[in-house]
Colleague: 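Questions regarding the structure given below will be posed in turn.
Keep in mind that this is a model prediction, so the values were computed, not measured.
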Amino acid sequence: MLSIKVNAEISYDVHIGLDWKSHLQSLVSAHKKILIVAPATTIELGNISGIAHSLGIPIFETPDAENQKDFATIERVWNLLGELEFGRRDAIVAIGGGATTDLAGFAAATWLRGIAWYAIPTTLAGMVDASIGGKTGINTGAGKNLVGSFYSPQSVCIDTWWLKSLSDRDFSAGLAEVIKTGFIKDPSIIDLLESCASLDDARAVAEELIVKSVAVKAEVVSADFKEGKLREILNFGHTLGHAIEKSAGYSLRHGEAVSIGLHFAALLSKESLGLNPEVVTSLRELLRKFGLPTSVDPGAYPWEELLESMAGDKKSRDGRIRFIGIRGIGEVDWIESSDPALLASCYEKIVA
Ligand code: GLY
């Protein structure tokens, strides 16, 4: 097992290669009461009902995927915490993907103004990104992740056992965040992925990819927990990615939308920051090799609609759309005052 420390509002460890069942058992011994929050598919996959029954702990079953991050679900979690008479020394354990850790972390942040929570991510995207860094929250009518809190878990337990049953589509979606991490900060991730001929090869080096990606995320979050500026580098590919996700009605995986956004951000970096076109090509080819999309159908994703979403994004300032770009691999820069004609011409280049 390897542990990587994150120094945020609290200091905590991300354990990689730790058996999640024995970890859960140790949490039960450490707290008087525990509530597991997990989606039905994860409960079944990990036989969590059986384990919870034998340990005498309740489970809150969430709806699947992004649907669980809504007001009705968080209200049901609060109601259950009330029924269970959860106090300040009790804890929530989130077992699931990014939506589950966002929801459960937000429940912990808001119950009694903050109780302990632990993350056991079960998807690649959750392991390398969502469960680390303390961004918790839900979606509302006003938009995605607009209601939330920076509230770190007490620990993150990454057990790659979960990845065995992760679909290729979801594994690839997680790889989009890994690839992003390589281009913003760690070229050795790119080298490792370039040496993989297939998705199965990437699965075989998943733990190494996770260690490298977590190390970058831990370093960035420790330096800028509340996203003053530096943490924004993690949003490379996300400005357009979030807009695509919204236009798709969240039917695309987050990583798939980010993949298209990465291609766009690389093209914009070439025009605005002088990024070498060979780097744009290597990014695009790496995404494609793992089955990730890099282009859009203009009928499904009209430019005007994407532009409007990007202008309303929480990262835009005074109506100016902000992009994270790269001058070269590992050299991040901010693109603040993009010419609308330039943005439209980059969009034309990603039209299928
Ligand atoms: N997913 C981006 C961040 O945690 O800041």
Colleague: Would you say the side-chain atoms of Asn276 and Lys270 include a donor-acceptor pair closer than 3.5 Å?
Modeller: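 Side-chain D/A pair, Asn276 to Lys270: absent.
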Colleague: Could you give me the CA-CA distance, side-chain angles and deciding distance for Ser3 and Val14, then say whether side-chain contact (heavy atoms from CB on, under 4.5 Å) is met?
Modeller: CA-CA 5 Å; Ser3 299; Val14 180; over 6 Å; no
Colleague: Do the side chain of Ser131 and the main chain of Gly126 share a donor and acceptor less than 3.5 angstrom apart?
Modeller: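 Present.
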Colleague: Just wondering, are more than 12 heavy atoms of other shown residues or ligands nearer than 6.0 Å to CD in Glu331?
Modeller: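 More than 12 heavy atoms, drawn from other residues, nucleotides or ligands, come within 6.0 Å of this atom.
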Colleague: For Pro121, which of Asp129, Asp159, Ile158 qualifies under side chain to side chain contact (heavy atoms under 4.5 Å, CB included)?
Modeller: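 Going through the options one by one, the only one that passes is Ile158.
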Colleague: Starting from the C-alpha separation in whole Å, work towards a yes-or-no answer on side-chain contact (heavy atoms from CB on, under 4.5 Å) for Thr160 and Ile210.
Modeller: CA-CA 9 Å; Thr160 51; Ile210 292 167; 3.7 Å; yes
Colleague: Given side chains that start at C-beta, do those of Asp70 and Ile74 come closer than 4.5 Å, heavy atoms only?
Modeller: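 A side-chain contact is absent here, since even the closest heavy-atom pair is not under 4.5 Å.
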Colleague: Without hydrogens or angle criteria, can the side chains of Thr294 and Arg284 be said to hold a donor-acceptor pair below 3.5 Å?
Modeller: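 Note: Thr294 and Arg284 side chains miss the donor-acceptor criterion.
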Colleague: Is a side-chain donor-acceptor pair under 3.5 Å present for Glu9 with Ser152?
Modeller: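 Judged by distance alone, the side chains do pair up.
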Colleague: Would you indicate whether the side-chain heavy atoms of Lys217 and Leu234 approach each other to under 4.5 Å?
Modeller: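 Counting from C-beta outward, Leu234 and Lys217 do come under 4.5 Å.
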Colleague: Just do the side-chain contact (heavy atoms from CB on, under 4.5 Å) check on Ser213 and Ile189 with the steps written out, would you?
Modeller: CA-CA 8 Å; Ser213 304; Ile189 292 178; 3.9 Å; yes
Colleague: Using atom types as modelled and distance alone, determine if a side-chain donor or acceptor of Thr136 lies under 3.5 Å from a backbone N or O of Ser149.
Modeller: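 Looks like yes, one N/O pair under 3.5 Å.
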Colleague: Is any side-chain heavy atom of Asp333 less than 4.5 Å from a side-chain heavy atom of Ile326?
Modeller: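 They are not in side-chain contact.
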Colleague: Flag yes if more than 12 heavy atoms outside Glu44 fall under 6.0 Å of its CD atom; otherwise flag no.
Modeller: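 Result for CD/Glu44: open.
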Colleague: Determine whether Leu287 and Tyr347 fall in the same hydrophobic cluster, where Ile, Leu, Val, Met, Phe, Trp and Tyr are linked whenever their side-chain heavy atoms lie under 4.5 Å apart.
Modeller: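 In one cluster: yes.
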Colleague: Do Ile233 and Val258 belong together in a cluster built from hydrophobic side chains that touch within less than 4.5 Å?
Modeller: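 Yes: a chain of side-chain contacts under 4.5 Å links Ile233 to Val258.
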Colleague: Indicate yes or no: at least one non-hydrogen side-chain atom of His238 is less than 4.5 angstrom from one of His254.
Modeller: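 Sidechains of His254 and His238: in contact.
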Colleague: Which heavy atom of Lys180 sits nearest a heavy atom of Glu177, and at what distance?
Modeller: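 Distance-wise, the nearest heavy atoms are NZ-OE1, 2.9 Å.
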Colleague: Hydrophobic cluster membership, with links at side-chain heavy-atom distances under 4.5 Å among I/L/V/M/F/W/Y: are Ile34 and Phe86 in one?
Modeller: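 Different clusters.
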Colleague: Is there a continuous path of hydrophobic side-chain contacts, each under 4.5 Å between heavy atoms, that joins Val214 to Val221?
Modeller: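 Shared cluster, yes.
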Colleague: So, are Glu285 and Arg288 salt-bridged, with charged N and O less than 4.0 Å apart?
Modeller: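 Answer for the salt bridge query: yes.
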Colleague: At what distance, to the nearest 0.5 angstrom, does CD1 of Ile43 lie from OG of Ser49?
Modeller: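 Ile43 atom CD1 to Ser49 atom OG measures 5.5 Å (nearest 0.5 Å).
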Colleague: Taking Ile115's backbone N and O only, do any of them form a donor-acceptor pair with Tyr151's side chain (distance below 3.5 Å, no angle check)?
Modeller: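 Judged by distance alone, yes, a pair lies under 3.5 Å.
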Colleague: Could you give the distance from CG (Leu252) to OG (Ser259), rounded to the nearest 0.5 Å?
Modeller: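 If we round to the nearest 0.5 Å, Leu252:CG and Ser259:OG are 10.0 Å apart.
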Colleague: Could you pull out the closest heavy-atom pair between Pro58 and Leu35, with the gap in Å?
Modeller: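 For Pro58 versus Leu35, the nearest heavy atoms are O-CD1, 3.6 Å.
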Colleague: Side chains of Ser198 and Asp200: any donor to acceptor distance under 3.5 Å?
Modeller: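 On atom types as modelled, these side chains do not qualify, holding no pair under 3.5 Å.
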Colleague: With clusters built from Ile, Leu, Val, Met, Phe, Trp and Tyr whose side-chain heavy atoms come within less than 4.5 Å, directly or transitively, what are the remaining members of the cluster of Met1, listed by chain and number?
Modeller: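 Grouped by the 4.5 Å side-chain rule, Leu18 form the rest of the cluster around Met1.
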Colleague: Using the ring centroid of each side chain, check whether Phe323 and Phe264 are separated by less than 6.0 Å.
Modeller: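 Centroid distance Phe323-Phe264: below 6.0 Å, so yes.
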Colleague: For Arg253, is there an ion pair with Asp170 - N to carboxylate O distance below 4.0 angstrom?
Modeller: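 Here Asp170 pairs with Arg253 in a salt bridge, since their nearest N and O are under 4.0 Å apart.
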Colleague: Under the side-chain contact (heavy atoms from CB on, under 4.5 Å) criterion, do Leu343 and Trp303 qualify, and how do the steps go?
Modeller: CA-CA 10 Å; Leu343 294 179; Trp303 177 238; 3.6 Å; yes
Colleague: Any side-chain to backbone donor/acceptor pair from Ser269 onto Ala265? Under 3.5 Å, distance only.
Modeller: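 Confirmed, Ser269 side chain pairs with Ala265 backbone.
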Colleague: Which word best sums up how the rings of Phe71 and Trp78 line up, parallel for under 30°, tilted for 30 to 60°, or perpendicular for over 60°?
Modeller: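 Aromatic pair Phe71/Trp78 classed perpendicular.
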Colleague: Which distance, rounded to the nearest 0.5 Å, do you find between the CG of Leu230 and the CD of Glu219?
Modeller: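 It comes to 8.0 Å.
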Colleague: Would you mind reporting whether Ile51 and Lys21 have side-chain heavy atoms less than 4.5 Å apart?
Modeller: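 With C-beta onward as the side chain, the pair touches.
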Colleague: Which pair of non-hydrogen atoms, one from Ile260 and one from Ile350, has the smallest distance, and what is that distance?
Modeller: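 Nearest heavy atoms, Ile260 then Ile350: CG2-CD1, 3.8 Å.
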Colleague: Kindly indicate whether the side chain of Arg89, heavy atoms from C-beta on, has any atom under 4.5 Å from the side chain of Lys32.
Modeller: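 The answer is no; the side chains never approach within 4.5 Å.
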Colleague: Decide, yes or no, whether a salt bridge links Glu305 with Lys246 under the criterion of side-chain N to carboxylate O below 4.0 Å.
Modeller: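 No.
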Colleague: Using modelled atom types only, decide if a donor and an acceptor are shared between the side chain of Arg231 and the backbone of Gly133 within a distance under 3.5 Å.
Modeller: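 The answer is yes, because a donor-acceptor pair under 3.5 Å joins these two groups.
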Colleague: Under the criterion side chain to side chain contact (heavy atoms under 4.5 Å, CB included), which of Leu262, Leu193, Leu292, Val178 is the partner of Leu286?
Modeller: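 Output: one option passes, namely Leu193.
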Colleague: Just checking, Arg76 and Phe60: is the charged tip under 6.0 Å from the six-membered ring centre and within 45° of the axis?
Modeller: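 Not flagged: Arg76 not positioned over aromatic ring of Phe60.
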Colleague: Heavy atoms, side chains only, cut-off 4.5 Å: are Thr100 and Gln68 in contact?
Modeller: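 Sidechains of Gln68 and Thr100: in contact.
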Colleague: So, do Phe225 and Phe150 have ring centers that fall under 6.0 Å from each other?
Modeller: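 Here the rings of Phe150 and Phe225 have centres that are less than 6.0 Å from each other.
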Colleague: Look at the side chain of Ser172 and the backbone N and O of Asp168, then say whether any donor-acceptor pair between them is shorter than 3.5 Å.
Modeller: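 Side chain of Ser172 to backbone of Asp168: a pair is present.
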Colleague: Check the side chains of Trp162 and Thr123 for a donor-acceptor pair under 3.5 angstrom, ignoring hydrogens and angles.
Modeller: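 The answer is no; no qualifying pair exists.
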Colleague: Over all heavy atoms of both residues, which pair between Ala266 and Leu283 is shortest? Give the atoms and the distance, please.
Modeller: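 So the two residues come closest at CB-CD2, 3.6 Å.
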Colleague: Run the salt-bridge test on Lys289 and Glu194 with the 4.0 Å N-O cut-off and return the result as yes or no.
Modeller: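 Looking at Glu194 together with Lys289, the answer is no, because their closest N to O distance does not fall below 4.0 Å.
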Colleague: Between the side chains of Asp19 and Ser22, is a donor N or O closer than 3.5 angstrom to an acceptor N or O?
Modeller: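 A pair is found: one side chain offers a donor N or O, the other an acceptor, under 3.5 Å apart.
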Colleague: Return yes if some donor-acceptor pair links the side-chain N/O of Asp90 with the main-chain N/O of Lys33 below 3.5 Å, else return no.
Modeller: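 Pair found, side chain donor or acceptor close to backbone of Lys33.
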Colleague: If I take atom CD1 from residue Ile120 and atom OG from residue Ser155, how far apart are they, to the nearest 0.5 angstrom?
Modeller: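 Interatomic distance, Ile120 CD1 to Ser155 OG, rounded to 0.5 Å: 7.5 Å.
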Colleague: Hey, does Leu103 have a side-chain heavy atom less than 4.5 Å from the side chain of Thr62?
Modeller: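 Touching, per the 4.5 Å side-chain cut-off.
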Colleague: How about Asp186 and Thr181: does a side-chain donor come under 3.5 Å of a side-chain acceptor?
Modeller: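 Their side chains do not contain a donor-acceptor pair, so the 3.5 Å distance test is not met.
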Colleague: With distance as the sole test, does Asn7 use its side chain to make a donor-acceptor pair with the main-chain N or O of Ser11 at under 3.5 Å?
Modeller: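 Not confirmed, Asn7 side chain does not pair with Ser11 backbone.
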Colleague: Does the pair Glu271/Lys349 count as a salt bridge with the N-to-O cut at 4.0 Å?
Modeller: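 Looking at Lys349 together with Glu271, the answer is yes, because their closest N to O distance falls below 4.0 Å.
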Colleague: With no hydrogens and no angle check, do the side chains of Gln154 and Asp13 hold a donor and an acceptor under 3.5 Å apart?
Modeller: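 There is no such pair (donor and acceptor under 3.5 Å, judged by atom type) between the side chains of Gln154 and Asp13.
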Colleague: Looking only at atom types and distance, does a side-chain atom of Asp224 sit under 3.5 Å from a main-chain N or O of Lys229, one as donor and one as acceptor?
Modeller: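 At least one qualifying donor-acceptor pair exists.
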Colleague: Output yes when a side-chain donor or acceptor of Thr239 lies under 3.5 Å from a complementary backbone atom of Arg322, and no otherwise.
Modeller: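 At least one qualifying donor-acceptor pair exists.
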Colleague: Nearest 0.5 Å, what's the CH2-CG distance between Trp334 and Leu273?
Modeller: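 Trp334 CH2 to Leu273 CG: 11.0 Å, rounded to 0.5 Å.
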Colleague: Could you tell me how the ring of His23 sits relative to the ring of Tyr118: parallel (under 30°), tilted (30 to 60°) or perpendicular (over 60°)?
Modeller: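 Correct class here is perpendicular.
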Colleague: Measure the CD1-CD1 distance between Ile48 and Ile57 for me, rounded to the nearest 0.5 Å.
Modeller: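 These two atoms lie 9.5 Å from each other.
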